[in-house]
Amino acid sequence: MTVPPHLSTRARAVRSSEIRDLLRLAERPDVISLAGGLPDPSGFPLDDIRSAADAAVSESSRSLQYTSTEGDKELRELLAQRHTAATGRHTTADDVVITTGSQQGLDLLARALADPGDVALVENPTYLGALQALRAAGIDTAGIPVDADGLDIAMLASRLDMVPAPRLVYTVPTFANPTGTTLPDERRRGLARLADHHGFLVIEDAPYADLRFRGSAVAPVATYSDRVISLGTVSKTLAPGLRVGWLIGPRPVVDAVVRLKQAVDLHTSGLSQRIVVHLLARTDWFDAHVATLAARYGERCCALRSAVDARLGDRLAITDPDGGMFLWATPRPGAAPIDARELLTLAIDAGTAFVPGDAFAAESTTHLAGSMRLSFATASSEELATAAERLANAVGQLDGRSRPKMSRGPLSHVR
Ligand SMILES: Cc1ncc(COP(=O)(O)O)c(C=O)c1O
């Protein structure tokens with residue numbers, strides 16, 4: 001069907017995705033998918049959510065009535081306390097806005113902080129939803145390379161010495177999507193220093209930070225500069241269906257975001273916010289719940305990593321994350337090349353799926369063509385071992401094929 005002429009230029013510019021179509025095939029019940037960034041549904045604390053929902057419904061004037069755009073005061077206070085504890089910066093409810101998932105925080109920030117044509121620097125590869133939000137606001141995105149420790153701060157610094165400073169730097173510094181890397185403390189301080197020196201704002205997006213299954217916590221980048229805006233969410237710790245996220249930042253940013261949000265949805269679901277209040281207020285329960293979840297992800301990470309390594313270790317280098325939901329596999333130098341998109345079609349036939357790395361490219365590039373994001377969050381350890389076996393079979397088939405060059409179409413809508 002041709003595009004109706006009454007659609008806006010912006011709507012027409014939103015591109016469809018061949019990857020999304022391919023991954024739809026991966027929804028077949030026989031496919032063990034490593035593609036989705038979805039939390040394990042068996043980790044949703046159903047009984048606790050049920051009692052929290054009961055409690056929320058009984059306070060109907062707070063949970064079911066219209067509420068303030070910035071969000072429930074008690075929830076903002078709880079989040080401010082957590083932020084103060086994590087960063088050592090005194091934070092109050094007035095520094096917090098509740099958003100409809102952190103995705104809405106990204107969209108509002110992109111529109112509040114930059115004008116069309118302004119530049120945002122992002123990790124390359126990075127979270128696609130951030131690229132979509134920035135680009136929808138007309139912001140030009142440019143990629144900064146990442147290595148095993150996340151954003152390459154030296155590369156960022158040398159770029160800043162050559163070209164005018166960007167408006168924004170967007171980063172997922174802890175257990176990144178898609179690479180799983182974590183920025184060490186020294187680089188966090190370096191990023192904060194650069195922000196202070198060059199005058200840009202940093203968006204620190206940390207949806208996975210609580211899901212640590214190894215090592216000790218690293219201080220948020222927000223610890224080191226007041227030019228940092230922190231994004232958080234309950235999507236990975238409680239349930240994404242609640243659609244409760246938040247943004248913590250300087251007062252003028254918070255005020256601008258609230259003004260924009262009024263026009264978008266008036267406020268985030270009051271019922272969801274009150275459910276989250278009842279769960280987060282039980283601090284010991286919440287921390288124990290997250291620890292259990294993280295331990296489960298840790299086991300699964302280990303199961304998938306060792307199974308892929310045992311079968312494909314000579315072909316693929318696989319990251320070894322301390323938390324989060326993702327492994328990142330890249331072709332070993334000198335090994336036969338892998339076209340990850342072509343491999344995906346074979347993998348789906350073999351009964352597994354992953355997201356090809358170039359789906360997360362911040363700019364047109366070929367260096368991600370052989371990379372893959374493998375999620376260990378949703379399948380059991382046994383299923384993950386089977387998925388690794390299927391992936392290895394698909395690589396075997398790929399090797400047996402003559403490989404015509406694939407066209408690289410646009411990518412979007414992968415979480
Ligand atoms: C890095 C990153 N930021 C933000 C989001 C959006 O999460 P939410 O469910 O809070 O909107 C995701 C979801 O996968 C993500 O991976």
Side-chain angles (χ1 to χ4, degrees), residues 19-20 23 33-41 43-44 71 75 79 96-110 120 122-136 141 143 146 150-151 168-183 202-211 220-221 228-248 257 261 264-265 268-269 272-273 275-276 280 290 293 297 321 323-328 355 357 359-362 373-378 411-415:
I19 285 287
R20 189 166 53 154
L23 290 178
S33 180
L34 311 176
L38 310 182
D40 177 7
F44 298 157
L75 180 55
L79 295 168
V96 183
V97 188
I98 306 301
T99 54
T100 302
S102 47
Q103 186 64 38
Q104 186 184 53
L106 281 169
D107 177 67
L108 295 171
L109 284 175
V122 301
E123 287 145 358
N124 189 24
T126 191
Y127 170 54
L128 250 183
L131 289 176
Q132 287 172 318
L134 293 166
R135 288 174 183 164
T141 52
V146 299
L151 188 66
L168 295 172
V169 169
Y170 168 77
T171 176
V172 187
T174 311
F175 317 137
N177 180 2
T179 57
T181 53
T182 293
L183 199 68
V202 176
I203 300 178
E204 177 175 29
D205 188 9
Y208 304 98
D210 285 339
L211 298 177
V221 182
V228 179
I229 300 144
S230 310
L231 291 181
T233 179
V234 299
S235 289
K236 316 297 174 180
T237 51
L238 294 173
L242 291 165
R243 305 311 299 135
V244 172
W246 58 90
L247 169 165
I248 302 178
V257 162
K261 183 173 162 66
V264 177
D265 61 359
T268 294
S269 158
S272 282
Q273 292 188 60
I275 291 173
V276 173
L280 280 191
V290 172
L293 209 57
Y297 286 151
M325 300 187 356
F326 306 114
L327 291 176
W328 181 250
V355 184
F360 305 98
R373 188 190 76 176
L374 310 174
S375 166
F376 48 80
T378 325
L411 299 161
S412 61
H413 306 295
V414 175
R415 283 289 175 273

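Remember, it's 1-based here, ligands and their atoms both numbered in the order they're listed.
- Shown in contact with Lys236 at under 4.0 Å from a heavy atom are these atoms of ligand 1, numbered in order with element: 13 (C), 14 (O).
- With hydrogens and angles left out, the side-chain atoms of Arg135 and Thr141 include a donor and acceptor closer than 3.5 Å.
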Show the numbers, then the answer: is there a side-chain contact (heavy atoms from CB on, under 4.5 Å) between Tyr127 and Leu106? CA-CA 11 Å; Tyr127 170 54; Leu106 281 169; 3.8 Å; yes
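- Comparing Gly232, Ser102, Pro39 against atom 8 (P) of ligand 1, the shortest heavy-atom distance belongs to Ser102.
- Two residues are said to be in side-chain contact when any heavy atoms from C-beta on lie closer than 4.5 Å; Asp40 and Tyr297 meet this criterion.
- Of all the atoms in ligand 1, the ones that sit under 4.0 Å from a non-hydrogen atom of Thr233 are 8 (P), 10 (O).
- Checked by distance only, ligand 1 and Tyr127 stay at 3.5 Å or farther apart across all their nitrogen or oxygen atoms.
- At least one N/O-N/O distance between Asp205 and ligand 1 falls below 3.5 Å.
- Checking Asp107, Thr233, Val234, Leu247 one by one against Ser102, the side chain to side chain contact (heavy atoms under 4.5 Å, CB included) holds for a single residue, Thr233.
- Using a 4.0 Å cut-off between heavy atoms, Arg243 contacts ligand 1 through its side chain alone, with no backbone atom that close.
- Remark: the backbone N or O of Gly71 is not paired with any side-chain donor or acceptor of Gln273 at under 3.5 angstrom.
- The shortest distance between side-chain heavy atoms of Thr181 and Trp328 does not fall below 4.5 Å.
- Within the listing of ligand 1, atoms 10 (O), 11 (O) sit less than 4.0 angstrom from a heavy atom of Gly101.
- No part of Met325 comes within 4.0 Å of ligand 1, judged by heavy-atom distances.
- Heavy-atom proximity to Pro207, at under 4.0 Å, picks out these atoms of ligand 1: 1 (C), 2 (C), 3 (N), 15 (C).
- A donor atom on one side chain and an acceptor atom on the other are not found under 3.5 Å apart for Thr174 and Thr182.
- In summary, the atoms of ligand 1 found under 4.0 Å from a heavy atom of Tyr208, numbered by their order in the structure, are 14 (O), 15 (C), 16 (O).
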